[in-house]
Amino acid sequence: MCNMTFEETSGDNSSERMESVPNALEEVLSSALPQGCITAGVYEAAKSLNADPDNVVLCLLATDEEEDVALQIHFTLIQAFCCENDINILRVSNMRRLAEILGGVKPGGEPMDLHCVLVTNPQSSLWKDPALSKVTRFCRESRCLDQWVPVINLPDR
């Protein structure tokens, strides 16, 4: 349920909030990676979503410039599954920057499929990350504005 006032959705700090969300997302990814809380790849993500959807806290769908119909079909199915299971979803542009944050290569040296990236809860404890809270709040506010899959542009560094 969305209980936001007009000032909250269109206030002066909305542009500031939009700038801080990509930084918060970067922080979430950077802290989740060493904890083993990242699943990368469309097929791997689908397996993880099927096995334990309650453990997934965020789903990122990343695109590059080329239009791949098969990939868009996968995205549609993943988006539907995430919406059905109350998993926050973001569309991420700038795959190159995403690859920089996540390392971009598997241990064998082959490039990672970063078209779909899941962030999961660590098994050891409940993850109370302020950056994750900011991203979650942004997703919730976007849904209130009927933007079910908001787009985030990761800035180049």
Side-chain angles (χ1 to χ4, degrees), residues 2 4-46 48-49 55-76 78-79 81-83 86-107 109-122 127-157:
C2 299
M4 295 175 57
T5 65
F6 178 74
E7 289 79 16
E8 289 173 314
T9 59
S10 63
D12 294 335
N13 66 348
S14 61
S15 64
E16 180 182 307
R17 226 181 14 236
M18 278 301 297
E19 291 173 10
S20 67
V21 172
N23 294 334
L25 178 58
E26 246 184 86
E27 209 175 301
V28 167
L29 294 172
S30 296
S31 62
L33 188 60
Q35 296 182 54
C37 297
I38 297 287
T39 301
V42 173
Y43 180 71
E44 291 81 1
S48 181
L49 285 167
N55 196 37
V56 178
V57 295
L58 182 63
C59 175
L60 304 177
L61 301 174
T63 57
D64 38 25
E65 285 74 43
E66 56 190 63
E67 289 292 320
D68 183 349
V69 174
L71 185 60
Q72 294 307 315
I73 292 169
H74 287 294
F75 279 4
T76 301
I78 289 169
Q79 284 173 203
F81 187 89
C82 289
C83 286
D86 295 321
I87 298 169
N88 291 314
I89 315 165
L90 287 173
R91 189 72 90 126
V92 177
S93 59
N94 198 348
M95 274 188 72
R96 187 181 56 73
R97 180 65 188 134
L98 184 60
E100 288 172 8
I101 296 167
L102 296 177
V105 291
K106 293 180 182 176
E110 116 185 30
M112 291 170 65
D113 172 12
L114 297 176
H115 289 104
C116 183
V117 176
L118 300 180
V119 178
T120 57
N121 272 320
W127 193 20
K128 298 295 180 195
D129 183 358
L132 180 60
S133 296
K134 182 178 281 193
V135 172
T136 300
R137 187 171 48 253
F138 173 76
C139 290
R140 187 177 60 240
E141 290 171 359
S142 295
R143 282 193 300 274
C144 288
L145 299 171
D146 284 334
Q147 296 173 346
W148 289 89
V149 185
V151 178
I152 297 293
N153 183 29
L154 291 173
D156 287 320
R157 298 267 181 219

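Here the closest heavy-atom approach between residue Val92 and residue Leu25 is recorded as CG2-CD2, 4.1 Å. Here the closest non-hydrogen pair linking Asn121 and Cys37 is C-SG, 4.0 Å. Residue Gln79 comes nearest to Ile89 through the heavy atom pair O-CD1, 3.6 Å, listed as atom of the first residue, atom of the second, then distance. The two residues Leu114 and Val117 make their nearest non-hydrogen contact at O-CG2, 3.9 Å. Here the closest non-hydrogen pair linking Ser31 and Pro34 is O-CD, 3.5 Å. Minimum interatomic distance between Glu26 and Ile101 (heavy atoms only, all atoms of both residues): CG-CD1, 3.0 Å.
Here CG of Asp68 is found 8.0 Å from NE2 of His74. Values are rounded to the nearest 0.5 Å. Taken from CG in Leu49 to CD1 in Ile78, the straight-line distance is 6.5 Å, to the nearest 0.5 Å. Atom CG in Leu60 sits 11.0 Å away from atom OG1 in Thr39 (nearest 0.5 Å). Distance check, rounded to the nearest 0.5 Å: CG of Asp156 to CD of Glu100 gives 7.0 Å. To the nearest 0.5 Å, atom SG of residue Cys59 and atom CZ of residue Arg91 are 10.0 Å apart.
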Would you give me the side-chain donor-acceptor pairs under 3.5 Å for residues 147-154, sequence neighbours excluded?
residue	atom	partner	partner atom	Å
Asn153	OD1	Ser93	OG	3.0

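In this structure the side chain of Val119 reaches within 4.5 angstrom of the side chain of Ile38, judged on heavy atoms. When side chains are defined from C-beta on, Asn88 does not count as touching Arg140, because their heavy atoms never get closer than 4.5 Å. Counting heavy atoms from C-beta on, the side chains of Ser20 and Lys134 come closer than 4.5 Å. Taking 4.5 Å as the limit, some side-chain heavy atom of Val69 sits within range of a side-chain heavy atom of Ile73.
Side-chain N or O atoms of Thr136 include one that pairs as donor or acceptor with a backbone N or O of Leu132 at under 3.5 Å.
Listed by chain and number, the residues in a side-chain contact (heavy atoms from CB on, under 4.5 Å) with His115 are Val42, Asp64, Leu71, Phe75, Met95, Asp113 (sequence neighbours excluded). Remark: Ala131 pairs with Ala24, Glu27, Val28, Asp129 by the side-chain contact (heavy atoms from CB on, under 4.5 Å) rule, at least two apart or across chains.
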